[in-house]
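Every chain is numbered from 1, with letters handed out A, B, ... down the list of sequences.
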There are 2 protein chains.
Amino acid sequence: MPARFFDAPDQTVAQMLEGLARTRPLRVTAADSDVRAVVRRDLDPGKVAVVSGGGSGHEPAHAGLVGEGLLAAAVCGEFFASPTVEAVLGVVREVTGPGGCLLVVKNYTGDRLNFGLAAERARGEGLAVEVVVVADDVALPDNPQPRGLAGTVLVHKVAGHLAREGADLATVAARAREVATAVATLSLSLTSALLPGQDGERRTAELGLGIHNEPGAREIEPSGAADAVDLVLGPLLEVVDARHGSDVPLVALLNDTGGCSTQELAVLATDLLRSLGDRCRLLVGPAALMTSVDMRGFSVSLLPYDDDLAAALTSAVEPADWSAAHPVAGAETFSPRRSTEPDWGAGPRDEAVAAGLRAAMIALLEARDRLDDLDARVGDGDAGSTIAGGANAVLGALDDDRLSTGDRAGLARELAAVLEQRMGGSSGVVVSILLTAAAAAWDDAGADVADGLREGLSAVARHGDAEVGGRTMVDALAPAVDALGEGPDAAAQAARRGADGTAEVTTTGVGRSAYLREDVLRGVVDPGAEAVALALGAWADTLRAG
Amino acid sequence: MPARFFDAPDQTVAQMLEGLARTRPLRVTAADSDVRAVVRRDLDPGKVAVVSGGGSGHEPAHAGLVGEGLLAAAVCGEFFASPTVEAVLGVVREVTGPGGCLLVVKNYTGDRLNFGLAAERARGEGLAVEVVVVADDVALPDNPQPRGLAGTVLVHKVAGHLAREGADLATVAARAREVATAVATLSLSLTSALLPGQDGERRTAELGLGIHNEPGAREIEPSGAADAVDLVLGPLLEVVDARHGSDVPLVALLNDTGGCSTQELAVLATDLLRSLGDRCRLLVGPAALMTSVDMRGFSVSLLPYDDDLAAALTSAVEPADWSAAHPVAGAETFSPRRSTEPDWGAGPRDEAVAAGLRAAMIALLEARDRLDDLDARVGDGDAGSTIAGGANAVLGALDDDRLSTGDRAGLARELAAVLEQRMGGSSGVVVSILLTAAAAAWDDAGADVADGLREGLSAVARHGDAEVGGRTMVDALAPAVDALGEGPDAAAQAARRGADGTAEVTTTGVGRSAYLREDVLRGVVDPGAEAVALALGAWADTLRAG
């Protein structure tokens with residue numbers, strides 16, 4: 001079984017371009033062409049065509065960045081292999097009008113020479129072509145031939161922006177060259193990459209990698225995300241500060257080299273912003289822009305901030321793979337308004353209600369072990385304990401005289417608050433939903449006890465999908481509410497019948513019983529329904545005795 | 001050494017939100033709040049606030065989708081854990097104005113109950129709140145409680161679009177409910193996820209997973225990307241066709257569950273488009289929208305296409321994490337115009353030039369082993385063979401009378417074509433660049449032999465960074481060109497001196513020698529420079545003899 005989602009590796013490049021061409025306003029080279037490239041459909045020949053490319057394996061660079069406001073075309077070699085001179089030249093011919101063409105090339109010998117010869121030959125054919133080379137890697141400070149890394153996409157973006165604005169070739173090339181000269185990049189990975197079709201060991205953490213999976217400048221052992229960011233920023237800022245001064249404000253690009261999760265990128269971005277402090281004015285990404293297949297790593301690119309650069313980097317473009325550039329600011333915070341406590345016991349008292357409620361809670365406390373046992377046969381065995389927690393909390397509130405027993409709506413809201421905070425588990429939330437919705441109904445003058453409880457049951461059905469026949473407390477509650485008009489005894493008896501009936505319910509789609517087999521459920525009363533029957537029974541006894 | 005970029009796992013949620021709040025127009029809950037949430041800064045209280053949330057670990061859902069045209073706020077629990085009722089309620093209070101609030105909730109008991117109770121309590125406080133539950137999973141067709149998966153983000157997008165358009169709460173909720181009811185999703189992974197701080201074995205390939213890393217419905221062994229897509233589409237289309245008919249056109253969402261490389265996503269997208277054929281009218285993604293941390297897998301969501309839906313899904317939004325929705329069409333193809341062959345031998349002949357060229361090529365053939373030996377001491381030992389390949393090709397063209405020996409520019413172009421196609425390696429391209437640029441200069445009437453060659457050298461410097469002192473063929477060529485005014489012998493002698501001088505060049509920044517130690521280079525003549533000296537010497541001998 002393959003470890004990754006590829007088909008025949010030699011088809012991967014063509015496959016990737018096919019999907020792009022079917023979903024974006026692009027043209028793709030025909031299947032029988034030996035060139036792999038995409039070009040925009042809607043090119044304005046009077047404007048500069050910004051063309052990039054190189055080996056594949058760096059997606060979305062470069063084909064994913066072709067579109068309005070960014071690249072005019074991308075010429076794609078096989079994975080990590082430069083496209084041929086003929087391929088580059090063919091695409092240059094395809095996109096170059098009177099506005100001319102800018103080739104953005106990463107500093108690798110193959111790309112330099114092949115794009116370079118294509119440019120010379122295109123000029124020989126009368127086309128206006130400029131070449132800008134990006135060499136942003138600072139992994140080896142004395143290397144006279146730094147590699148082209150993720151900083152390249154910033155050059156694309158600035159050039160694409162100016163081209164769209166109608167700048168002429170000399171202007172676009174000059175500005176692209178400025179950005180290419182200014183940007184510095186350093187990358188770090190936890191694991192090296194594997195090409196499509198490859199299967200083997202991955203190297204471990206390294207600092208200072210290129211984009212072709214070559215070993216990094218040195219092996220490292222970062223202790224976490226923040227440490228990894230600092231390992232990159234140390235040498236990177238040394239170069240940047242030496243070039244531009246240690247107080248120059250910065251644009252930062254946080255690039256995923258292919259294997260980071262969205263969560264890791266978000267953490268890395270925050271660590272980067274914290275480490276750069278006030279110097280970072282604009283953040284591009286975090287996003288996968290220049291990848292090395294699935295290398296689990298990131299690179300940081302830095303260059304001096306100015307308003308023109310920011311405008312060029314933040315303007316909207318068509319390709320979905322370009323990530324937004326975000327101005328950086330301090331976080332604006334808020335504290336959500338907390339719920340106020342109910343106005344405990346603000347309403348009148350009703351001794352009969354208080355007595356009924358107390359009896360009901362005591363009945364639940366006494367049934368604790370039995371309810372736990374019932375639950376253990378069909379669930380995790382804590383129903384009795386959970387319910388007892390709620391019952392104790394209600395008894396405490398009664399003892400403290402905090403309950404408005406003579407005001408239905410007030411009492412319901414007070415009980416909802418007690419149970420939400422103290423009962424635990426999902427049952428506390430379910431009963432709170434019931435009481436909260438009932439209280440809202442009782443606030444309307446017209447709603448009687450049963451009306452309010454029906455509204456509560458309806459809310460439970462809405463949010464908890466608990467309806468009659470589902471082996472839940474609703475199986476006891478619903479018939480009790482319906483029988484309430486005939487008096488408390490009738491209601492308690494209806495609850496008892498409903499609870500007993502749950503022993504025969506063996507298929508259900510909700511709650512603890514939804515995933516159990518029929519033979520496990522048969523004969524077992526639902527502990528929630530049993531609790532309701534017990535509580536109402538005790539309440540009714542009290543009323544009768546009173 | 002950690003395998004992933006995280007810091008303290010219990011800080012991850014707060015860290016992720018901090019970065020968002022510093023780079024987007026959002027407010028984030030204060031550090032001392034026990035609520036983790038982000039809300040838009042620029043809310044219009046008259047419009048519906050679309051709020052989502054749930055456990056974290058699904059980024060960019062939900063916090064990354066907060067912004068203009070999408071969510072008004074996201075309430076974030078810990079990884080895979082529902083936020084509390086108080087957290088949801090606090091955020092609802094924060095964002096709900098006269099326009100009301102729509103809570104989009106995935107169908108998990110914790111989320112259902114906590115968002116549900118928050119909604120009931122918010123209503124009790126006089127706020128207009130509606131809840132829409134998404135239950136798009138079709139992994140277990142008979143499950144009465146399907147899980148909420150990636151289809152949720154389509155509900156967000158449609159609701160966010162309508163809210164921005166000014167639709168009222170009832171309309172937004174109704175349409176969101178329609179989308180939630182219509183969308184069906186199935187997911188597949190090659191590996192399960194690990195939470196921040198977790199370290200252990202990952203499960204292997206499964207079909208029909210939720211988003212909380214629970215085991216899938218069954219283990220599978222896909223043979224590749226296309227097979228994986230078909231494993232998902234089989235059961236998914238069965239459900240979709242049964243619900244909507246087998247000819248209904250579709251919107252598809254291809255969602256990365258967190259661990260796919262951009263290359264795999266591009267391949268999967270193409271496989272998906274191929275398998276769905278004409279039915280797929282709109283593709284959202286491929287993109288990571290609803291992830292399970294770093295699960296290497298994907299999900300496909302399908303729902304019937306209509307123009308209103310397409311308009312809602314394709315409208316631009318502010319959050320960079322939303323991926324574009326792309327109309328699907330057939331690929332438009334092109335075939336780059338191939339270079340025409342040079343008009344071989346169309347120009348006049350010059351017997352002396354032909355004789356000189358022939359002698360030079362023969363000298364290079366004779367020196368093959370010596371040049372290979374020189375190269376073996378500083379490189380990969382094939383310089384002589386590569387150069388011999390070029391020399392043989394030139395001799396063949398001479399024998400076939402295909403060279404315009406009496407026309408400098410024509411001859412240079414013919415030789416450039418021969419060497420580009422037949423010499424191999426980078427040297428063939430370098431010489432072609434030199435000859436192509438020289439030919440272009442010679443096309444200008446004013447350029448003499450030396451002027452043209454200087455233009456050629458300048459192009460080589462531009463594209464290959466090869467300048468005098470770099471241990472390349474330029475070390476022989478450049479002095480020869482400078483001496484050309486004094487005659488061929490002077491030029492040949494200058495080339496010889498230049499070549500011999502390369503033995504003393506021990507630091508260089510270009511070509512094969514750039515990465516070698518000083519003691520390796522000392523005393524070794526550069527094979528490219530030696531070849532130039534040999535060739536010019538033989539040519540000069542011929543001229544003298546002639």
Looking at every non-hydrogen atom in both residues, tell me the closest pair between [X] and [Y] and how far apart they are.
{"X": "A:V28", "Y": "B:A331", "result": "CG1-CB, 4.1 Å"}
{"X": "B:G464", "Y": "A:L113", "result": "CA-CD2, 4.0 Å"}
{"X": "B:A37", "Y": "A:F334", "result": "O-CE2, 4.1 Å"}
{"X": "B:E59", "Y": "A:T262", "result": "O-OG1, 2.7 Å"}

[atom1]-[atom2] distance between [X] and [Y], expressed to the nearest 0.5 angstrom:
{"X": "A:E264", "Y": "B:M16", "atom1": "CD", "atom2": "CE", "result": "11.0 Å"}
{"X": "A:S261", "Y": "B:R296", "atom1": "OG", "atom2": "CZ", "result": "12.0 Å"}
{"X": "B:D7", "Y": "A:S223", "atom1": "CG", "atom2": "OG", "result": "8.0 Å"}
{"X": "A:Q263", "Y": "B:T12", "atom1": "CD", "atom2": "OG1", "result": "9.0 Å"}

For [X], is it the side chain, the backbone, both, or neither that has a heavy atom closer than 4.5 Å to a heavy atom of chain A?
{"X": "B:A437", "answer": "both"}
{"X": "B:T436", "answer": "side chain"}
{"X": "B:F79", "answer": "side chain"}
{"X": "B:R41", "answer": "side chain"}
{"X": "B:L268", "answer": "side chain"}
{"X": "B:D271", "answer": "side chain"}
{"X": "B:V429", "answer": "both"}
{"X": "B:E420", "answer": "side chain"}
{"X": "B:A228", "answer": "side chain"}
{"X": "B:L26", "answer": "backbone"}

Pairwise side-chain contact, [X] with [Y], heavy-atom cut-off 4.5 Å (strictly under):
{"X": "A:L190", "Y": "B:F5", "result": "yes"}
{"X": "B:R93", "Y": "A:S339", "result": "yes"}
{"X": "A:R274", "Y": "B:Q15", "result": "yes"}
{"X": "A:T23", "Y": "B:L273", "result": "yes"}

| message | For B:R462 and A:V131: C-alpha separation, side-chain torsions, deciding distance, then whether side-chain contact (heavy atoms from CB on, under 4.5 Å) applies. | response | CA-CA 9 Å; B:R462 199 158 58 236; A:V131 178; over 6 Å; no

Among [options], which residue forms the greatest number of heavy-atom pairs with chain B at distances under 4.5 Å?
{"options": "A:P60, A:A288, A:A440, A:G57", "result": "A:G57"}
{"options": "A:G258, A:A269, A:A226", "result": "A:A226"}
{"options": "A:A118, A:P327, A:S56, A:A325", "result": "A:P327"}
{"options": "A:V39, A:D443, A:L20", "result": "A:V39"}

Under a 4.5 Å heavy-atom cutoff, which of [options] has the most pairs with chain A?
{"options": "B:E86, B:M295, B:R413", "answer": "B:E86"}
{"options": "B:T270, B:D32, B:V91", "answer": "B:T270"}
{"options": "B:A119, B:G116, B:A87", "answer": "B:G116"}
{"options": "B:Q11, B:R24, B:E318, B:R123", "answer": "B:R24"}
{"options": "B:E18, B:H326, B:E332, B:R27", "answer": "B:E332"}
{"options": "B:D294, B:T333, B:V13, B:L117", "answer": "B:L117"}

| Just checking, any donor-acceptor pair under 3.5 angstrom between side chains of B:S432 and A:E120? |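 The answer is no; no qualifying pair exists.
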
| Considering the options A:D34, A:V35, A:L89, which one meets the side-chain contact (heavy atoms from CB on, under 4.5 Å) requirement together with B:R338? |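 So the option named by the test is A:D34.
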
| field | A:R22 vs B:L283, side-chain contact (heavy atoms from CB on, under 4.5 Å): CA-CA, chis, key distance, verdict | value | CA-CA 10 Å; A:R22 291 196 58 192; B:L283 177 67; over 6 Å; no

